[in-house]
Amino acid sequence: MSTQTTLAKDAAAHSKAPTGLDAQGTVYRILIAISLVHLFNDSIQSVIPAIFPILKDSMHLTYTQIGWIAFAINFTASIMQPVVGWFADKKPTPAILPVGMGFTFTGMLLLAFADSYVMVLISVIFVGLGSAAFHPEGSRVSHMAAGPRRGLAQSIFQVGGNAGQSLAPLLTRWIFIPFGLFGAIGFTGIAAMGIAVQLYVARWYGKMLQSGTYLRKQAAARRAPNPALRKKIAAAITILILLVFVRSWYVSLIGSFYAFNLKEAFALSTEDAQIYIFLFLAAGALGTFFGGPLADRFGKRNMIFLSMAGAAPLALLLPYANLFWTGVLLTIIGFIMLSSFSVTVVYAQMLIPGKIGTVSGLITGLAFGMGGIGALVLGNWIDAIGVSPVMQLCSFLPLIGIFTFLLPSDKLLHRWAQENGSEE
């Protein structure tokens, strides 16, 4: 074989070799860093609903007013997340990450000194804006660092958030119950640590953008689908939004109001009621972690269906359980239902490739927004008919998960991407 032929073959092999993101393995240090910030962000955000019993007693609020506070933080996040995601898809901006945590820092500082209902509303809006800035770009960083393991990467990212949410009842028990709203001052330190980690992540993010490979891949993936395919994608996104809506309402019910049900039904103190909410959320964090790898193995649509169908019969039993079985059922329901939390985000990214920020902002933002609207509606219902009847009524919500079968399979999504030439 001549030297010229050998050189030609080497050049051809080099031209086919993966480069940039294609060659990159899973960057665990970045995934762990962004997951840690997710833990900081969501633990701060989640103490808002966790302190509702304290706010109700100290400021003599109605359930409807409590619902407005939940609506303020969640709806702020839900409106702004798709906007931030859309902007970042057009112009990725690493600085959004530390700036978003700065909003969260401001919100908790204001909450520590809030002396009126209006000041509480203003402070939680700042926290909502911080969450809106973080989640779409955090999900993009997770996608960039994922390599070939997107389900696992999204699970690592999301488990930080769900773990943060699970800590909120304990933080309320240890900080807000003894110190009142001024306890929020301690969370400014957590936000400051989050800003420091975000600066580190933002530097890596900036280097990835400078390489140019990521932007080229995203531009290629954003190819518009043909009209027939566009209708099928729109129908699938609508069904996915319905499922996120149902899950968000149920999780909002448990996180925002179930402590009141425990106090009423079992005469528990506020401190003891928070332990049961912790069981639900901590199990959900564990379910989130295992959900991604299981979805990579058994299919994302299958995992979404199992998370709803598996939780449905247990949710129906929960309103009629004694205190012991309430703890058991809350733990199992949390694990099963939230196992699809990261999976729905990855599934949506498969439906609409190339728009990571917009899609992530839509799905996670929608979860916050629907949870906020749910809290507002549920607060009104509880004022009208009481806590226990609302719990019984909402126990039917997970049954709507049967509509998951209308979603396209994972194989069909890959086929659509290949037909459209937008496979990432």
Side-chain angles (χ1 to χ4, degrees), residues 42 46 49-50 151 154-155 158-170 173 243-266 268 272-295 297-344 367 371 374 378 387-388 390-405:
D42 283 25
S46 298
Q154 192 64 222
S155 285
Q158 295 293 355
V159 78
N162 284 9
Q165 292 174 30
S166 72
L167 290 175
L170 298 183
R173 180 186 175 96
L243 298 172
V244 171
F245 174 90
V246 169
R247 187 184 64 203
S248 299
W249 268 53
Y250 192 83
V251 172
S252 178
L253 174 77
I254 301 298
S256 298
F257 296 109
Y258 201 72
F260 296 109
N261 184 69
L262 290 167
K263 292 173 69 175
E264 180 181 290
F266 302 110
L268 294 182
D272 291 340
Q274 296 295 335
I275 294 173
Y276 288 82
I277 310 306
F278 167 75
L279 290 174
F280 175 81
L281 295 173
L286 196 62
T288 297
F289 178 76
F290 284 105
L294 288 172
R297 182 175 177 82
F298 299 108
K300 293 167 183 62
R301 187 189 68 170
N302 294 340
M303 198 65 207
I304 295 170
F305 172 74
L306 288 173
S307 75
M308 301 294 286
L314 303 177
L316 289 170
L317 290 173
L318 182 62
Y320 310 100
N322 61 27
L323 187 59
F324 171 79
W325 284 107
T326 292
V328 173
L329 289 172
L330 280 172
T331 303
I332 300 173
I333 292 169
F335 181 90
I336 296 174
M337 182 170 284
L338 290 172
S339 65
S340 66
F341 195 92
S342 63
V343 180
T344 50
L378 293 170
V387 176
S388 183
V390 171
M391 296 296 162
Q392 294 170 7
L393 181 64
C394 291
S395 67
F396 290 90
L397 282 173
L399 291 173
I400 297 175
I402 193 69
F403 287 104
T404 305
F405 274 124

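For the numbers below, each heavy atom of this structure counts, side chains included, while hydrogens, waters and symmetry mates do not. Position 1 is the first residue of the sequence; numbering continues from there.
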Discussion item. Looking at F289, I want to see if its CZ is surrounded by more than 12 non-hydrogen atoms of other residues, nucleotides or ligands under 6.0 Å.
Written reply: no
Response to the item:
In this structure, CG of L330 is separated from CD1 of I277 (nearest 0.5 Å) by 6.5 Å
Worksheet item: Any side-chain heavy atom of F280 within less than 4.5 Å of one from Y276?
Response: no
Worksheet item: Backbone N or O of L268 within a donor-acceptor pair of the D272 side chain at under 3.5 Å?
Response: no
Item to complete: Work out which heavy atom in P398 is nearest to a heavy atom in C394; give both atom names and the distance.
Response: CD-O, 4.0 Å
Worksheet item: For the atom pair CD1 (I254) and CG (L318), what is the distance rounded to the nearest 0.5 Å?
Response: 5.5 Å
Response to the item:
Between A312 and L399, the two heavy atoms sitting closest are CB-CD2, 3.7 Å
Discussion item. What I'd like to find out is whether the side chain of F305 reaches to under 4.5 Å of the side chain of I402, using heavy atoms alone.
Written reply: yes
Worksheet entry | Shortest non-hydrogen contact between M303 and V343, atoms and distance | CG-CG2, 4.1 Å
Worksheet item: Hey, are the side chains of N261 and S388 touching, using non-hydrogen atoms and a 4.5 Å cut-off?
Response: yes
Discussion item. Do L378 and F257 have side chains that approach each other closer than 4.5 Å (heavy atoms only, starting at C-beta)?
Written reply: yes
Item to complete: Could you grab the distance from atom OG of S307 to atom CG of N302, nearest 0.5 Å is fine?
Response: 11.0 Å
Fill in: Note, L329 side chain near Y320 side chain (heavy atom, < 4.5 Å)
no
Worksheet item: Does I400 reach the side chain of M308, with side-chain heavy atoms less than 4.5 Å apart?
Response: no
Fill in: Steps toward side chain to side chain contact (heavy atoms under 4.5 Å, CB included) verdict (W325, L317)
CA-CA 9 Å; W325 284 107; L317 290 173; over 6 Å; no
Worksheet item: Considering only heavy atoms from C-beta outward, does the side chain of F396 approach that of L316 to under 4.5 Å?
Response: yes
Worksheet item: Looking only at heavy atoms, which two atoms of Y250 and S395 are closest? And how far apart?
Response: CE1-CA, 4.4 Å
Discussion item. How long is the straight-line distance from CG of L286 back to CG of L281, given to the nearest 0.5 Å?
Written reply: 13.0 Å
Fill in: Rounded distance [0.5 Å steps], CG in L306 versus OG1 in T404
9.0 Å
Worksheet item: Which heavy atom in I336 sits nearest to a heavy atom in S339, and how many Å separate them?
Response: O-OG, 2.6 Å
Discussion item. Other residues, nucleotides and ligands only: do more than 12 of their heavy atoms fall within 6.0 Å of CZ on F405?
Written reply: no
Fill in: Heavy-atom pair of closest approach, residues S155 and P293
OG-CD, 3.7 Å
Worksheet, complete the sentence: For F260, the ring pair (Phe, Tyr, Trp, His ring centres under 6.0 Å) test, sequence neighbours excluded, returns Y63
Item to complete: Look at the side chain of T288 and the backbone N and O of L338, then say whether any donor-acceptor pair between them is shorter than 3.5 Å.
Response: yes
Fill in: Residue from V251, V246, V244 passing side chain to side chain contact (heavy atoms under 4.5 Å, CB included) with S248
V244
Worksheet item: Going by heavy atoms in the side chains, are F341 and R247 under 4.5 Å from each other?
Response: yes
